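Not measured: the values here are computed from a predicted model. Hydrogens, waters and symmetry mates are skipped; everything else that's a heavy atom, side chains included, is used.
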Amino acid sequence: MSPFPPELEHLIIGHMQGDKRALASCGLVSRSWLDFSRPYLFESVFILDHTYEDFLRLSVSPCSPFTPSVKTLCISRSSMDDVLFTELIHKLPGFPSLRCLRLLHIRWTSLPDILLTSFTAVFRDITQFDLDNATFATTHHLIDVLACLPRLERSTVYAVFLKNRAEPVRPSVVGPRLVSTLPWYSLLAVVVVVARAALRAALAPPPPPRKSPLPREPPHCLRELRLCLPCWDSFDPIISWIGTGPPTIHALKLGILPITSLPAVGNLLRILRSVLRDLELDFPSHITSLDIETHLAPHLARTTHITHLTIHSGFRSIHMLQHASWTLLDALPREPETLETLTIILKINSFTTILQALDMFDWANLNAALRARPRLRRLRFHLHWNNHRERLRFRWNNPTDEAVKEIRRRVAPEFMSRGIVDVLLLRNSGRHYC
C-alpha cells in the first residue's frame, strides 16, 4: 500500500505527463500508481509496420486493459495493402476515450461497405481526423470515409487519388500474316469460338441495376477543414459535398487550388459567409487577380467575420502571386473591420537566399494594405527556407536575425512600433498543411 493519499499520488504522476519512461517506471511502484499512470502512458498510441501485431495481442490481453485510456491513435502502414488494412480495422478493439485519429501512408484503393461499417463502429466518436499521404481510388471514397464520422470537428487531409487510365490496346495475336498462314480448319475454330462468345453474351441476362450510393451529409460538427490535394481535378466533388451540409466551418484552408475549382470555392464562400473566421487559400502561379475578382471577390466582400487571413507567395512566381494575393486581401470588407491576423507564407527555393526573396517582395502594396486596416493586431511572416548553401553559411549565426532586420526595414514604421510583426523561419520547405 502506498503511504501517500490518492490525491497526492495523482498530482505526482500528473507532473510526469509526456515522459514515457518515467510513467512506465511508476507502474512498477504499486497497483494504485499503475492505475494512475496508465491514462498518461497510453494517452497517445502509434501503430507501425513492425508493431501492429504486438498491439493487437496486447489489446485483447486481460492483463493490460489500456484501450479505455487511448485518446490519440496514429496508424502508419506504408507497406500495407487494402486487404491487410481491412483486417486491421476488423481486429481493432473499441476505444471509448478516442478523440483523435491519424492515418499515415494508408492505401484505400477499394472501399467495401464492410470496411465502412467496421470503421464507423470503431471510430464513430472521434472529433479530429488527419490523413497524410493517403491513397484513394476516387474522391467519393474520401467523402464516404469523412461522412462516417458524425462527430468530426477538425480534419486535415493530404490525399492522392488514382487516375482511371484506359488500358493500352494490345496488338492482335492473329495478324494478317498469321491469318494467311493458318490452315482452313484453324480459322474455322477461331470463328466458332468468337461466335460462341458473342451468342453467350447476347443470351446472358442483363446485369442488375447498380444501386446508387446513399447521399451522405457532411458532419454537422465540422469546424475546421484543411485540404491539400495534389490532383487538381479532385477539389470540385469534395467542395460541392461540403456545400450540401449546414454552414458550420469556421476555418477553411485549401491548396493548391486550380483555376477550374474557383467557381466551386466561391460558392462555398457564399455558403460560409456568416460563420467563416479563418481563411487560407493557396493558388498556383497562373492564377491572376482577374480570376479572383471574378470568382472569389464578390463572395469575400460579404464575409463579415473573417479574423485570420493567410496569403501564400513564392520566389519563382512572386510577380504573379503578388497581385492575386493582394486582390484576395482587398476583397475583404473594411466596414466593419474584422481582420486581426495576416499571415504571409513566403516559399524560398534552393536557388534563392532569404534576403533576395525579401527584396523582391511587394512591400509597397503590403504597406498600403496595412494602412487601410488600422485594427490589424498581428502580422506574421512564415519563411519556408530550403537552401543548403545558405544553411552552411549561417551555421554559426541565426539567419532569422537578418530576416527580421530586413523585414523591420521594409515594413512601415508605424506598424513596427506597435510590435505586431512576427517572423518564423522553417528550414525545410514542405507542405504547409500536414
Side-chain angles (χ1 to χ4, degrees), residues 250-253 255 265-266 269 272-274 276-283 285 287-315 317-348 352 354-384 400-425 432:
H250 294 173
L252 179 64
K253 303 181 182 182
V265 175
L269 293 177
L272 302 176
R273 64 177 181 268
S274 60
L276 193 60
R277 301 291 189 274
D278 188 354
L279 179 62
E280 178 179 350
L281 301 178
D282 191 3
F283 304 105
S285 58
I287 298 293
T288 62
S289 57
L290 181 60
D291 300 328
I292 296 182
E293 291 176 355
T294 303
H295 302 289
L296 303 182
H299 306 291
L300 284 175
R302 299 183 178 92
T303 55
T304 58
H305 297 86
I306 292 183
T307 59
H308 297 75
L309 178 65
T310 301
I311 293 176
H312 289 254
S313 186
F315 174 76
S317 56
I318 195 168
H319 298 92
M320 302 179 65
L321 275 176
Q322 283 171 358
H323 304 293
S325 301
W326 301 137
T327 304
L328 188 67
L329 178 60
D330 295 336
L332 295 178
R334 300 181 181 179
E335 292 295 337
E337 174 65 28
T338 59
L339 187 62
E340 298 178 358
T341 303
L342 175 62
T343 303
I344 299 175
I345 300 178
L346 183 59
K347 302 174 183 178
I348 306 173
T352 312
I354 296 178
L355 299 182
Q356 288 176 350
L358 294 178
D359 184 66
M360 298 188 62
F361 196 77
D362 195 351
W363 296 101
N365 285 336
L366 175 61
N367 291 326
L370 293 178
R371 291 188 179 96
R373 301 184 180 276
R375 297 185 181 180
L376 191 68
R377 298 181 179 179
R378 189 64 58 188
L379 176 61
R380 297 174 178 174
F381 288 89
H382 290 185
L383 307 180
H384 286 249
T400 309
D401 297 337
E402 294 193 6
V404 171
K405 293 179 181 178
E406 183 67 17
I407 291 175
R408 288 179 177 177
R409 189 175 66 88
R410 297 283 189 169
V411 177
E414 57 267 26
F415 300 102
M416 292 301 306
S417 60
R418 293 166 52 187
I420 66 173
V421 181
D422 293 336
V423 179
L424 177 62
L425 179 63
H432 178 68

Of all the heavy-atom pairs spanning [X] and [Y], show the shortest one and how long it is.
| X | Y | result |
| --- | --- | --- |
| A412 | N367 | N-OD1, 3.1 Å |
| L339 | T341 | CD1-O, 3.6 Å |
| S274 | H305 | O-ND1, 3.6 Å |
| L269 | H299 | CB-CB, 4.1 Å |
| L329 | A369 | CD2-CB, 3.4 Å |
| V423 | I407 | CG2-CD1, 3.5 Å |

Any chance you could measure [X], atom [atom1], to [Y], atom [atom2], to the nearest 0.5 Å?
| X | Y | atom1 | atom2 | answer |
| --- | --- | --- | --- | --- |
| I420 | L379 | CD1 | CG | 6.0 Å |
| F381 | E406 | CZ | CD | 11.0 Å |
| I311 | D282 | CD1 | CG | 11.5 Å |
| F283 | T327 | CZ | OG1 | 9.5 Å |
| D278 | L252 | CG | CG | 9.0 Å |

Does the side chain of [X] reach to within under 4.5 Å of the side chain of [Y], using non-hydrogen atoms?
| X | Y | answer |
| --- | --- | --- |
| L366 | I344 | yes |
| L328 | L309 | yes |
| I292 | L281 | no |
| L332 | T338 | no |
| T343 | H382 | yes |

query = salt bridge (charged side-chain N to carboxylate O under 4.0 Å, His left out) with E337: which of R377, R375, R373?
reply = R373
task = Ignoring hydrogens and angles, state whether a donor on the side chain of D291 or T294 is under 3.5 Å from an acceptor on the partner side chain.
result = no
query = For E280 and H308, what are the C-alpha separation, side-chain angles and deciding distance, and is it a side chain to side chain donor-acceptor pair (under 3.5 Å)?
reply = CA-CA 8 Å; E280 178 179 350; H308 297 75; over 6 Å; no
inquiry  = Would you say CZ of R378 has more than 12 non-hydrogen atoms from neighbouring residues, nucleotides or ligands within 6.0 angstrom?
reply    = yes
inquiry  = Taking atom CZ as the centre, does R371 end up with more than 12 heavy-atom neighbours from other residues, nucleotides or ligands that are less than 6.0 angstrom away?
reply    = yes
Verdict with reasoning, L279 to T303, per side chain to side chain contact (heavy atoms under 4.5 Å, CB included) = CA-CA 11 Å; L279 179 62; T303 55; over 6 Å; no
